[in-house]
Amino acid sequence: MYRILQQQLQAQIGTLLKEKYEIEIANLVVELPPKIEFGEMALPVAFELAKRLKKPPRAIAQELQPLLAEIPGVASVEIAGAGYLNVKLDRAATAKRIAADEHATVGGAGFRLVEHTSINPNKAAHVGHLRNAILGDSFARMLKADEYKPGYETGVQNYIDNTGVQVADIVVAITHLEGMKLDDVHAWMTELIETNTRLDYACWDLYANVSQWYDADPTQSVARKQLRLDTLHQIEAGDNETAEIADLIATGVLRRHLETMERLAIEYDFLPRESEILHLKFWEAARQLMVSKGVLYEEAEGKNKGCWVMRRAGVELAAGEVDEDAKILIRSNGTVTYVGKDIAYHLWKFGLLGKDFGYAKFREYPAHTCWISTMHGEDPHPSYGHADAIYNVIDSRQDDPQTQVKEALRALGYVAESERYTHLNYAFVGLTARTAEELGYKLSDEDKAKNFIEVSGRKGFGVKADDLIDRMIGAAKTEVDTRHPELDEVERAEIADAIGVGALRYFLLRFTRNTIIAFDYQDALAFDGETGPYAQYAAVRAANIFRKAGVSAEEAIAAVASLDLASMLEGEEGTSVWEVWLSVSRVSQVLEQAIATAEPAMLARYAFVLAQQFNNFYHRHHILNETDAARKTLLLATAAVARRELLRVLGWLGIKVPSAM
RNA sequence: GCGCCCGUAGCUCAGCUGGAUAGAGCGUUUGGCUACGAACCAAAAGGUCGGAGGUUCGACUCCUUCCGGGCGCACCA
């Protein structure tokens, strides 16, 4: 609702400036004043015009003032300070429009492909992977079509590098350190299932072991590295026992990852795998395209002689100069590099490759199917390689290669596509010294002095995702058990689940993307203050009011339409109620901004502000004891709209509200 | 060496395209539960926004430079 009025104001000023002064301003600032007494919207436009019109800002403001007051919904316009135009809204009329759920819509048509999670399927997921998945899942929820975003179509994919070195490492561990053959691997995996042991956890330790083993004996390290390389090549080639073992392990670990993520309400539509990108010869198609357009060329001189390379973004060369910094896509031995394969994959995402995966069903979620890539798929099947815009949730340490892929698209002439290619990057997750020591890691004095300790899969050092989820839910369960002994075990467990997951999701979302998170168990397990449970609690309290009042939230909201609100929203008491409505009205504005900046943290913070606003209101106005019937109706409706929007925003963040807390 | 990111209260972080007295949470001190359940609310203390210049009517925000910290720059994926 706020956004609608804001847009109207901007449009009105725009035409006014054109008619009166023949001036156009690209970005008309309409902001929230620092204090509610100044009104609901403030325009510093007069300052900007002062110089161009050679008039004092106050005089300009005076000329604009009466014209703005004519906008429907605007109660008055005042001039403040040196020339601010402060707009006061018609509170009663605006509140009724909010109650009727009038709001600006966000977004537009087109298919948006969000890729996130993308964990190497060779060991358990850790807290850094959770940041990726929660960020990606929340962003996908923000984009997904609903009444706020009628146009958006989305697909969520999780890229699986099942033929990379990390999988090769785990295969070396299994075949050489553990001495297993294919049959043994089958037996081992069956045993793990029977003893209820997590495969990805077993691999976590094996991976750490083999990583140390490569360099444990200096006389052997060359041979052991060669073994790793040979293993990798066998896996890439396929159709052999090593590749079969790799597939068994990678698929088993992948299933575990999906289970872990489903605990956090994270689901996927499609799992494209590296093995199909190789075997369906995506790269060959991309290579031909790039060569034909002159983007990929063979280097004849310098250190990269004999390689096929691509120019980096923004590089200008004089005639005859050798581009030593060019990105190598094909090595002199003829093999393709990672960025090369990634370019092929991204051409597919935009439907520019002329090839598609085979699709097979892989996992059934309660409401939909998750598909996986195969050579020869099932029919009928969906297809995801036709995106209008893509969002890749990838660690910012991958900024460089991501830029190369984008540059390749641009150089090939797909400029529009490269502009709709968003690398949704984020800083990594480290551990605080306290948490690192708690996990049994011995720290040097140098480490202790740092703000964070880096996790290391090769050392087997980090916080495993399932361990963290277990502890979050466990801590919530302890609280629920003492607070609600009257509820049965199943219900208590459900509530603890919602709280633990809500706390975890909020904890990893509240930081903006480029903030390095130093993960600390103590901070994550806090359920007070700016946390997920705080926001959930506000929604639960609101729901309790309606249960006791004997009316539904919907009825409470509907009752506002026939109420004379004007006097009830003025004065100190009225303003404290109005402030809740004003906060509530900003949903689409915040959502729009959060999508534009790809920053779910903005919505997370807004959810907290809404909850805070509600809690404040809740203490100040005792709704059920209110004797004035009209006032009680307004207070009930206030709680109802606050709850409605809080639920909406928490839904975009993937945070459920439990039945009780 | 080159590129990108960060430096805001004791701690952890917000601060949207430059706008009014720089905001939260935690922690500290104090007050509030026979309640719409205190996973809450209220109040207080706490800041030369890393330093120095500059642009501007106006700078936490833009530019330059310096200091401090992080990450990335391979015929690894």
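Convention: sequence-line order gives letters A, B, ...; per-chain numbering from 1.
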What distance, rounded to whole Å, do you find between the two C1' atoms, one in B:G70 and one in B:A39?
35 Å
Check if the side chain of A:S332 and the base of B:C75 share a donor-acceptor pair of N or O atoms closer than 3.5 Å.
yes
Under 4.0 Å, heavy atoms only, any strand: does A:Q398 hit a base, just the sugar-phosphate, or nothing?
base
Which part of the nucleic acid does A:A526 contact within heavy-atom distance under 4.0 Å: base, sugar-phosphate only, or nothing?
nothing
Using the side-chain heavy atoms of A:F452, tell me which of these nucleotides is nearest: B:G70, B:A14, B:G72.
B:G70
Report which part of the nucleic acid A:Q10 touches: base, sugar-phosphate, or nothing (heavy-atom distance under 4.0 Å, all strands).
nothing
Check: A:Y534/A:N615 side-chain N/O donor and acceptor closer than 3.5 Å:
yes
Using a heavy-atom cut-off of under 4.0 Å over every strand shown, decide if A:F608 touches base, sugar-phosphate, or nothing.
sugar-phosphate
Answer for the Watson-Crick or wobble partner of B:G3, both distances under 3.5 Å, is B:C71
Classify A:K35 by what it touches in the nucleic acid, base, sugar-phosphate, or nothing, heavy-atom distance under 4.0 Å.
base
Between B:G68 and B:A74, how far apart are the two C1' atoms, rounded to whole Å?
29 Å
For B:C6 and A:N514 - does any side-chain N or O of the residue sit under 4.0 Å from the phosphate oxygens OP1/OP2?
yes
Classify the nucleic acid contact of A:Q402 as base, sugar-phosphate or nothing, counting any heavy atom under 4.0 Å across all strands shown.
nothing
Do A:R541 and A:N544 have a side chain donor and acceptor closer than 3.5 Å?
no
So A:F47, base contact, sugar-phosphate only, or nothing? Heavy-atom distance under 4.0 Å.
base
Relative to each other, are the rings of A:H621 and A:F617 parallel, tilted or perpendicular (30° and 60° limits)?
tilted
Return all side-chain donor-acceptor pairs below 3.5 angstrom for residues 30-44 of chain A, not counting sequence neighbours, or 'none' if the list is empty.
from  : atom 1 : to     : atom 2 : distance (Å)
A:E40 : OE1    : A:L89  : N      : 2.7
A:E40 : OE2    : A:W578 : NE1    : 2.7

Where the side chain of A:Q10 meets the backbone of A:L28, is there a donor-acceptor pair that is under 3.5 Å apart?
yes
Just to confirm, is there a sub-4.0 Å distance from OP1 or OP2 of B:C75 to any side-chain nitrogen or oxygen of A:N333?
no
When all nucleic acid strands are considered with a 4.0 Å heavy-atom cut-off, which category describes A:I499: base, sugar-phosphate, or nothing?
base
So A:N625, base contact, sugar-phosphate only, or nothing? Heavy-atom distance under 4.0 Å.
sugar-phosphate
Under 4.0 angstrom, heavy atoms only, what part of the nucleic acid is A:I516 near: base, sugar-phosphate, or nothing?
sugar-phosphate
Between the side-chain atoms of A:R483 and the base atoms of B:A39, is any donor-acceptor pair under 3.5 Å?
yes
Between B:G37, B:A20, B:G32, which one does the side chain of A:E486 approach most closely?
B:G37
Which of B:G37, B:A24, B:A39 is nearest the side chain of A:V480? It is B:A39
Quick check, does A:F38 stack with B:A20? I mean ring centres under 5.5 Å and planes off by under 30°.
yes
What's A:K305 touching, base or sugar-phosphate or nothing? Going by heavy atoms closer than 4.0 Å.
base
For residues A:Y421 and A:Q402, is any side-chain donor paired with an opposing acceptor at under 3.5 Å?
yes
Determine the Euclidean distance between corresponding P atoms of B:C60 and B:G69; express it in Å to zero decimal places.
26 Å
Is the base of B:A39 touched by the side chain of A:N615 through a donor-acceptor pair closer than 3.5 angstrom?
no
Which one is paired to B:A42, where only Watson-Crick or G-U wobble pairs with both distances under 3.5 angstrom count?
B:U30
Dump the intermediate steps for side chain to side chain contact (heavy atoms under 4.5 Å, CB included) on A:F428 and A:R397, then the final yes or no.
CA-CA 8 Å; A:F428 60 89; A:R397 285 180 284 206; 3.3 Å; yes
What nucleotide, of B:C40, B:A39, B:U21, holds the atom closest to the side chain of A:R541?
B:C40
Using purine N1 to pyrimidine N3 plus N6-O4 or O6-N4 for Watson-Crick, or N1-O2 and O6-N3 for G-U wobble, both under 3.5 Å, which nucleotide pairs with B:C62?
B:G54
Separation of A:I595 atom CD1 from B:U17 atom C1', in whole Å?
17 Å
Shortest side-chain distance from A:A42, nucleotide among B:A20, B:C13, B:G72:
B:A20
Touch class at under 4.0 angstrom, heavy-atom based, for A:N86 against every strand present:
base
Given RNA chain B, 5'-ward residue of the pair A:I623 and A:P44, judged by closest heavy atom
A:P44
Looking at every strand, decide which applies to A:H621 at a 4.0 Å heavy-atom threshold: base, sugar-phosphate, or nothing.
base
Please work out if A:F511 contacts a base, only the sugar-phosphate, or nothing of the nucleic acid, heavy-atom cut-off 4.0 Å.
sugar-phosphate
